[in-house]
There are 2 protein chains.
Amino acid sequence: MIMEAKKEPEIITDKDQMRKWSRAMRCDGKSIALVPTMGYLHQGHSSLVKEAHKHADLTVVSINVNPGQFSPSEDLSTYPCDFNGDILKLMSVPGGVDAVFHPYNLYDYKNNSRSSKDDDDVIPMIDGSKASEGKGAVSCVEEKDLGHETWVRVERLEKGLCGNSRPLFFRGVATVVTKLFNIVEPDVAVFGKKDYQQWRIIQSMVRDLDFSIRIIASEIVRDNDGLAVSSRNVHLSVEERKKALSISRALSKAKLSAKEGQKSSKQLKELVIQSIEKAGGKVDYAEVRQQ
Amino acid sequence: MIMEAKKEPEIITDKDQMRKWSRAMRCDGKSIALVPTMGYLHQGHSSLVKEAHKHADLTVVSINVNPGQFSPSEDLSTYPCDFNGDILKLMSVPGGVDAVFHPYNLYDYKNNSRSSKDDDDVIPMIDGSKASEGKGAVSCVEEKDLGHETWVRVERLEKGLCGNSRPLFFRGVATVVTKLFNIVEPDVAVFGKKDYQQWRIIQSMVRDLDFSIRIIASEIVRDNDGLAVSSRNVHLSVEERKKALSISRALSKAKLSAKEGQKSSKQLKELVIQSIEKAGGKVDYAEVRQQ
């Protein structure tokens, strides 16, 4: 039996190095797909990589837990990570990936070779006051006062749905994706439909800011029991996992009810909420939207 | 006498065409400088072009009055323009420019060849409500409801100084510069120090969003009488122009006073305000800032 050697990805931690890699590949006529992740990879990510293979010659996976999308009260410090395991997982995807971009801190401009030489010029014109002072909700980037102050806002789509309980979450997502786009300079980027609002926000952002990047959406991957796979699932106890299954069951029920003629979105929402609450879940929101 | 033939710039109106031009040049090993303008060019712009020549092989000037930085109550409709005159002016700069990017409307995604094919996918997930509804100050982009909803905010530097009386101005500037950067993909971009806060905002934005673009600042150009050259000066009557001269005079006075030992920024501000008001001017703000 002949085993095919698994491709080992190039691991790149420096922004300039990453850009240099992409530009060299582009000069060779290769197209590049980016799959942005926060690591702790699972089958959902593998499916994004497989999707990426269909659309470009080379695949880059970024692994970077983004402090810009966590508020100080959220779970940045306990977000799961396993970098070596991630690399093995990427190598086990047929075709593998060509490069992994794993920056130490995307918001630390002092330790980046490109910007350090310009640092003397960047004396704050408005001095003293910290961005985090006198504000309620800020992200972990502002809490650490790294000097970062530019944020990309997709002003309509970032409101509502997940934006209600996490008002600065999508600001952080749109901003870090912009940074990754500017560093990796891909032709294509792949996002999962599990994070549906995020995907639509990135779509609008790419159009509005004239990025020359095609956004590909990839279908939700579920475990055998129906639960959508997610890095955070590792935190669930057996009991909690059981409760969580009520989400996909409730959505399937509502889908069936709509198919059978239920036209009231209020009734459909009620069906979802009651179904989840009966299983012991607490519903943040349930909404019916035009796709 | 032998006259050197003046270089005629390539005029590009389409986003994709512009990007294609830049990428072809880059593949030929050429570096590109961008000089973003709103047209009605004067010696200030010529000096930006001359500065650009020092830093890159090729120079692109964009001419585009940006509705995103005008509020509906501002002077978008009367902003001066003279495209043919602008081209002649650019041709008269020694060395000329290589391309002029003159898009019809940077925010009209329906009429852009690149995005039109994706339009079916971009059904608004949040339906109905117009961005301009229920809001006080919006830009002319939102007033026209073009669907554009992504804005780049440089959250600390956009506040104060000119940001006080024009709260959404720098949002519009940062956003259109991002768009131009993504379309032209330059190596270098040149901004005038006349718009000092704008220059510093672009500097922060480039660092924070990881654009691989070097920002060059160019010195203020003044007419013989001391007035900083500006496209809007064309609107000044003889009387108003005389009043306007009090600005540079007042600043020179304050500079001298500081040199002579005046250390109170309050006193320096007062000196500027009184000096301009005495000449019949109305001061929006005068502030002393760390550079």
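Not measured: the values here are computed from a predicted model. Letters go in sequence order (proteins before strands), and every chain restarts at 1.
Although no hydrogens or angles enter the test, the distance criterion places no donor-acceptor pair under 3.5 Å between the side chain of A:Asp210 and the main chain of B:Lys179.
Scanning for salt bridge (Lys or Arg N to Asp or Glu O under 4.0 Å) contacts around B:Asp195 gives an empty result, with sequence neighbours left out. Looking at residues two or more places apart in sequence or on another chain, you find no salt bridge (Lys or Arg N to Asp or Glu O under 4.0 Å) involving B:Lys255.
Here the OG atom belonging to A:Ser212 is positioned 7.5 Å from the CG atom belonging to B:Asp16, to the nearest 0.5 angstrom. If you take OG1 on B:Thr175 and CZ on A:Arg153, they are separated by 12.0 Å, rounding to the nearest 0.5 Å. In this structure, CG in B:Leu209 is found 6.5 Å from CG in A:Asn182, a value given to the nearest 0.5 Å.
Look at B:Arg171 and A:Glu155 and you find a salt bridge, because one of the NZ, NE, NH1 or NH2 atoms lies within 4.0 Å of a carboxylate O, short of that distance. A salt bridge is defined here as a Lys NZ or Arg NE, NH1 or NH2 lying under 4.0 Å from an Asp or Glu carboxylate O, and B:Glu149 with A:Arg207 fails to meet this definition.
Note on B:Glu185, B:Arg23, B:Glu287: by heavy-atom pairs under 4.5 Å with chain A, the leading option is B:Arg23. With chain A as partner, the option from B:Ile183, B:Leu146, B:Ile215 having the largest number of non-hydrogen pairs under 4.5 angstrom is B:Ile183. Contact count versus chain B (heavy atoms, under 4.5 Å) is highest, among A:Val176, A:Ile201, A:Val154, for A:Val154.
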Test log, rule side chain to side chain contact (heavy atoms under 4.5 Å, CB included), inputs A:Asp208 and B:Tyr109: CA-CA 8 Å; A:Asp208 291 356; B:Tyr109 306 109; 3.5 Å; yes
